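Report on one structure; see the data block that follows.
Residue numbers begin at 1 in each chain, while the letters A, B, ... track the order of the sequences. Given the structure is predicted, the values throughout are model-derived calculations rather than measurements.
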Amino acid sequence: MTNCTDELSTTYNAREIEKETYKFWEENNLFKANAKSNKEAYSIVIPPPNVTGVLHMGHALDGTLQDILIRYNRMLQKEVLWMPGCDHAGIATQNVIEKNLAKEGLSRHDIGREKFLARTWQWADEHKNKILEQFKLLGASFDLSRKRFTLDEGCSNAVKKVFVDLYNKGLIYKGSYIVNWCPRCQSAISDIETNYETEDGHLWEISYALKDEMGAIVIATTRPETMFGDVAVAVNPNDFKYKDLIGKTCVMPLTGRQIPIIADDYVDKSFGTGALKITPAHDPNDFEVGLRHNLPQIKVIDEKGLMMRNEFVPPQIQGLTREKAREKTVKMLEENQVLVRVTKHVHNVGKCQRCNTTIEPLLSKQWFVKMEPLAKPAIEAVKTGAIKFIPERWEKNYLMWMENIRDWCISRQLWWGHQIPAYYHNKTGEMVVALENPDPNNYTQDTDVLDTWFSSGLWPFETMGWPDINSDDYKKFYPTSTLVTGFDIIFFWVARMITMGLEFTKKPPFSTVYIHGLIRDEHGQKMSKSKGNTIDPVDLIEKYGCDALRFTLTSLCTYGGQDIKISDEKFEFGRNFANKIWNASRFTLMNITKSKEELKLDLNNLSLADKWILNELNKVTKEINENIKNYRIGEIASILYEFFWSKYCDWYVELSKIEKNEAVLVYVLENFLKLLHPIMPHITEAIWQKMPIIKETKGILNASYPQFEEKLVFEADSKKMETVFETIKALRNIRAEFNIPLSSKIDIIIDNNEQLYSQIIPYLKRLAKVNSTKFEKNATHSKSAYCVVNDTKITIPLKDLIDINQEITRQKKKIDKLESELKSVLARLNNQKFISSAPNDVVEKTKGRKKELEDEIKIIQETIKRLN
RNA sequence: GGGCGUUUAGCUCAGUUGGUAGAGCGCUUCCCUUACAAGGAAGAUGUCGGGAGUUCGAGCCUCUCAACGCCCACCA
């Protein structure tokens with residue numbers, strides 16, 4: 001890497017270069033953040049990938065975007081820290097270990113908590129380096145010396161402190177509530193971990209006989225098996241159909257248990273029969289009704305999803321699965337002739353996000369965080385702009401959720417995670433919530449662990465040394481600057497970080513939340529292993545190169561954060577660009593004969609072409625800086641692509657083959673590489689290292705990011721150069737239309753602008769294969785083709801090569817086009833309202849366009865006459 | 001039920017204060033012109049989902065309809 005004298009290899013081998021370049025950065029510790037620096041700080045914490053995970057396209061996008069921001073800010077000469085780490089991913093990881101155990105015919109209970117955890121730790125330790133190693137393949141410039149894990153000691157301490165503090169403030173409580181229970185995970189899960197799926201079901205109408213009198217009340221239910229836990233039948237108080245029944249008692253079929261008929265507004269008169277059975281232990285709404293009416297809670301389904309063996313459940317039903325119990329119950333109801341009607345009914349069923357098992361709403365004792373008081377400042381922070389979402393529309397989404405926040409169930413009946421710091425006296429059962437066990441001989445710790453998101457919610461400050469607020473990292477790098485993530489975890493993660501950050505550090509944990517879209521397959525489907533439509537970023541890197549992957553992904557990012565559809569071939573876009581950069585750079589460097597010192601840019605010695613490319617570079621530099629600052633990252637990819645390919649390569653490098661200014665060639669290339677470096681770090685570093693220039697920094701990654709410079713503005717000369725390009729294109733067009741082979745040169749006669757054209761004769765000779773150039777006012781030549789560029793007519797005598805009719809047709813087509821535009825321009829100018837209400841500059845511009853069009857049409861018309 | 005997003009060239013998508021549409025891929029013709037065939041030159045292609053409105057002027061603003069997608073809520 002340090003050898004700057006040898007040339008670039010003739011073929012671009014992405015992987016070879018990328019490996020070498022990354023090694024160079026790593027070995028020189030160039031990603032290491034210095035907390036003691038007095039430079040302005042810029043920091044990002046990585047959304048910690050699951051410890052057991054492997055790199056997927058989502059990481060590739062998320063990681064690329066973070067790295068772009070980090071590298072850009074590093075080049076702005078800030079002290080940057082990109083904090084890496086992994087999440088212990090409670091349920092996900094535990095599931096993996098349990099699956100492995102199952103292969104040995106064991107369950108976690110067979111080996112016990114201690115051995116299970118030892119095994120899980122071993123697994124986690126083996127895997128936690130893997131995913132971050134894969135991030136390196138992305139070119140991630142994070143500071144691995146600071147790598148963290150949500151279950152490491154520092155995070156553990158932070159979690160304990162937060163839990164104890166929230167408990168002492170009354171913001172954490174334990175209680176019996178109905179929760180979403182996953183019978184497979186054997187744990188409670190939170191509301192947002194529950195997804196709803198539409199399922200075809202039935203609505204069973206069951207007759208409950210009235211006690212001591214004739215008649216019955218017919219209830220409707222989608223879950224007849226829960227009827228054994230019924231404690232009431234509810235009707236709407238305004239439902240005259242049932243008015244007389246309120247307060248009476250009915251007798252349940254199958255068990256004969258007696259329950260009251262109550263009135264509650266919650267019941268919808270028009271749904272089903274208008275009468276609803278109340279099962280507080282197995283339905284969240286019934287639970288609420290139960291509380292309002294002081295009803296008992298009868299549990300009939302256990303934690304495994306099996307019907308309980310108790311006095312309430314008939315013996316034939318006991319021990320059955322929910323599904324079997326439903327079948328059997330219906331059959332029994334039928335036999336007892338109390339099943340009035342069955343109708344098909346589509347309804348939503350809760351599913352566990354992790355394993356897709358149907359959720360059982362279950363009454364159980366769990367820990368909760370009281371969210372409303374915590375949400376208030378978190379709402380304010382976004383409303384006042386202390387935290388900004390990009391794109392803005394996600395703010396609404398966030399606020400809506402926060403304003404309707406519900407308490408957060410944080411306890412999980414798992415083993416892998418932060419064990420809840422609550423201790424119970426072995427004899428009295430007295431509970432102590434504390435950082436440490438008050439007396440290990442007499443107190444036993446709560447067996448539950450915390451929701452994974454509890455610890456990731458502290459991520460921005462627990463990784464910076466908190467609760468030690470005097471630690472260097474915390475002082476320097478907290479609050480962090482930008483958070484980059486997908487919209488799918490705004491509620492899970494972003495919202496929790498904001499609430500926790502504000503509560504415990506009194507500061508928003510970041511000032512900007514940059515939300516990007518999700519990666520999807522070419523049909524817009526979510527990528528998943530089960531669908532078999534995943535694309536492995538590691539494969540793409542091997543095939544196309546990391547820089548190609550990064551560039552392609554970046555170019556697909558829109559400001560609105562639309563989802564990104566990808567397919568393997570799309571990455572050819574980035575690969576081709578990288579290849580172009582390599583070859584153009586190789587050509588440029590091959591042509592440098594001067595020494596480093598001689599390559600200094602001399603603004604007094606610039607050709608028209610030099611001024612043009614410098615002007616273009618300067619414009620692009622300005623746009624790039626503005627666009628990154630506004631998170632229009634996709635835009636910078638296309639600006640750089642267009643500049644390099646269509647301006648530098650297609651024109652400037654071609655022109656340099658005729659007449660070259662080495663200093664400008666090198667200056668533009670170097671600045672382009674710097675501008676591009678955040679997106680394509682490896683290729684830019686590799687080429688920069690080989691450039692024969694004076695380097696102020698060890699790598700391009702630390703070089704200063706180019707900025708707009710007033711002295712490089714050459715608008716007027718640039719315009720002239722554009723005219724030159726238009727002329728060349730027009731001549732080439734004629735050559736193509738008349739099938740003039742490259743081997744036959746053309747003569748041209750120019751009727752205007754002699755000063756400009758005489759300067760660029762060598763360009764015309766080489767790029768349009770022009771033989772001779774003549775200046776002549778009002779030239780008339782038969783058997784000629786011609787073109788008009790602005791105010792200049794160029795005649796190309798073609799003798800027998802030309803079919804005059806073809807040329808006339810060609811020119812008439814042009815006139816048609818010009819005239820249709822002129823028509824609309826005239827319509828506008830003849831409209832008094834347009835003249836009076838349109839802004840002056842627009843009117844002037846339109847007038848100018850009118851003149852241009854008229855002139856051009858006139859020239860063409862006159863010429864056609866002469867051709868005849 | 002509430003909210004959000006999308007609809008532009010054959011395909012994938014840009015289009016930042018409203019001034020008659022762009023890219024990549026694909027397609028047509030020509031070219032191995034010693035940086036690059038992963039390339040070069042020239043070219044074709046769109047009543048910007050439908051309708052209405054505001055405006056001198058609408059892909060862009062307002063309303064409405066339609067299709068597709070997502071999120072939240074979870075009436076048994």
Side-chain angles (χ1 to χ4, degrees), chain A residues 8 10-12 191-192 194 196 203-204 219-223 226 234 266-268 270-273 275-279 283-286 345 347-350 393-394 396-397 400-401 404 487-488 490-491 517-518 520 522 524 526 544 548 552 555-556 558-567 569-570 572-573 575-591 626-627 630 632 634-635 638 641-642 646 649-650 653-654 657 729 732-737 739 741-743 766-767 769 820-821 824-825 827-828 831-839 841-843 845-846:
Chain A
L8 298 178
T10 45
T11 53
Y12 167 60
D191 291 338
I192 49 176
T194 310
Y196 287 88
L203 195 61
W204 284 276
I219 59 94
T221 180
T222 54
R223 298 197 56 194
T226 63
Y266 162 71
V267 183
D268 179 351
S270 58
F271 189 91
T273 60
L276 170 62
K277 70 189 209 45
I278 300 297
T279 322
D283 182 281
N285 293 306
D286 292 8
H345 180 65
H347 61 143
N348 290 331
V349 179
R393 69 188 150 93
W394 293 109
K396 201 170 175 180
N397 204 261
M400 220 153 59
W401 191 70
N404 297 295
F487 60 78
D488 52 333
I490 291 178
F491 303 148
L518 264 35
R520 298 178 177 279
E522 54 193 319
K526 227 175 180 169
Y544 298 109
T552 305
S555 73
L556 295 172
T558 63
Y559 181 66
Q562 297 306 321
D563 285 353
I564 296 168
K565 285 192 233 175
I566 60 162
S567 58
E569 311 83 61
K570 276 199 174 174
E572 289 174 4
F573 179 62
R575 179 202 58 184
N576 293 355
F577 188 44
N579 190 242
K580 188 76 178 177
I581 294 167
W582 187 259
N583 283 302
S585 303
R586 191 159 65 87
F587 175 81
T588 301
L589 297 192
M590 264 164 34
N591 280 284
E626 280 167 3
N627 279 296
N630 293 314
R632 292 174 184 272
E635 192 67 13
S638 33
Y641 183 91
E642 147 81 12
S646 311
C649 294
D650 288 354
V653 168
E654 288 307 316
K657 290 174 182 172
K729 278 183 175 170
R732 282 170 172 173
N733 174 268
I734 288 170
R735 300 191 68 104
E737 295 258 348
N739 293 317
L742 283 174
S743 51
R766 165 108 184 199
L767 298 176
K769 303 288 177 202
S820 91
E821 197 190 337
S824 91
V825 166
R828 257 183 287 168
N831 185 336
Q832 205 40 53
K833 282 187 174 169
F834 173 72
I835 304 291
S836 56
S837 37
D841 61 311
V842 173
V843 175
K845 219 170 119 187
T846 312

Within the structure shown, what part of the strands sits under 4.0 Å from [X] by heavy-atom distance: base, sugar-phosphate, or nothing?
| X | answer |
| --- | --- |
| Pro839(A) | base |
| Thr558(A) | sugar-phosphate |
| Asn579(A) | base |
| Asn831(A) | sugar-phosphate |
| Phe577(A) | nothing |
| Lys277(A) | nothing |
| Lys769(A) | nothing |
| Arg575(A) | base |

Heavy-atom neighbours of Lys526(A) NZ exceed 12 at 6.0 Å: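 At most 12 heavy atoms, drawn from other residues, nucleotides or ligands, come within 6.0 Å of this atom.
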Do the side chains of [Y] and [X] get nearer than 4.5 Å, heavy atoms only?
| X | Y | answer |
| --- | --- | --- |
| Thr11(A) | Trp582(A) | no |
| Tyr641(A) | Asn576(A) | no |
| Tyr266(A) | Leu276(A) | yes |

With rounding to the closest Å, how many angstrom separate the [atom1] atoms on [N] and [M]?
| N | M | atom1 | answer |
| --- | --- | --- | --- |
| G53(B) | C60(B) | P | 14 Å |
| G50(B) | U33(B) | P | 48 Å |
| G69(B) | G57(B) | C1' | 34 Å |
| C32(B) | A14(B) | C1' | 34 Å |
| C56(B) | G26(B) | C1' | 41 Å |
| C63(B) | G22(B) | P | 29 Å |
| U16(B) | A73(B) | P | 34 Å |
| C68(B) | G10(B) | P | 22 Å |

For [X] and [N], give me the distance from atom [atom1] to atom [atom2], rounded to whole Å.
| X | N | atom1 | atom2 | result |
| --- | --- | --- | --- | --- |
| Asp563(A) | A14(B) | CG | P | 11 Å |
| Asn583(A) | U34(B) | CG | P | 14 Å |
| Arg828(A) | G19(B) | CZ | C1' | 6 Å |
| Glu737(A) | A44(B) | CD | P | 8 Å |
| Lys729(A) | A42(B) | NZ | P | 7 Å |
| Glu572(A) | G26(B) | CD | P | 8 Å |
| Asp650(A) | C36(B) | CG | C1' | 11 Å |
| His345(A) | A76(B) | NE2 | C1' | 7 Å |

Pairing partner of [N] (Watson-Crick or G-U wobble, both distances under 3.5 Å):
| N | value |
| --- | --- |
| C48(B) | none |
| A38(B) | none |
| G18(B) | none |
| A66(B) | U7(B) |
| C61(B) | G53(B) |

Ignoring hydrogens and geometry, is there a side-chain-to-backbone donor-acceptor pair from Arg732(A) to Leu767(A) under 3.5 Å?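 A pair under 3.5 Å: yes.
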Is the side chain of Asn591(A) donor-acceptor paired with the backbone N or O of Phe587(A) at a distance under 3.5 Å, no angle test?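 Yes; judged by distance alone, with no hydrogens or angles, the pair exists.
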Taking atom types as modelled and ignoring hydrogens, do the side chains of Arg586(A) and Asn583(A) form a donor-acceptor contact shorter than 3.5 angstrom?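 Yes, side-chain donor-acceptor contact under 3.5 Å.
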Side chain of [X] - closest among [options]:
| X | options | answer |
| --- | --- | --- |
| Arg520(A) | C36(B), A35(B), C70(B) | C70(B) |
| Met400(A) | G3(B), U12(B), C31(B) | G3(B) |
| Asn348(A) | C70(B), A73(B), G39(B) | A73(B) |
| Phe271(A) | A76(B), C36(B), U16(B) | A76(B) |
| Asn576(A) | A38(B), C72(B), A76(B) | A38(B) |
| Tyr641(A) | G24(B), U33(B), C36(B) | G24(B) |
| Leu276(A) | A76(B), A42(B), G39(B) | A76(B) |

Phosphate oxygens OP1/OP2 of [N]: is one of them under 4.0 Å from a side-chain N or O of [X]?
| X | N | answer |
| --- | --- | --- |
| Asn733(A) | G43(B) | yes |
| Gln562(A) | G5(B) | no |
| Lys396(A) | C4(B) | yes |
| Lys657(A) | U34(B) | no |
| Lys580(A) | G40(B) | yes |
| Asn397(A) | C72(B) | no |

Presence of donor-acceptor pair under 3.5 Å, side chain of Glu654(A) and base of A35(B):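 Donor-acceptor pair under 3.5 Å: yes.
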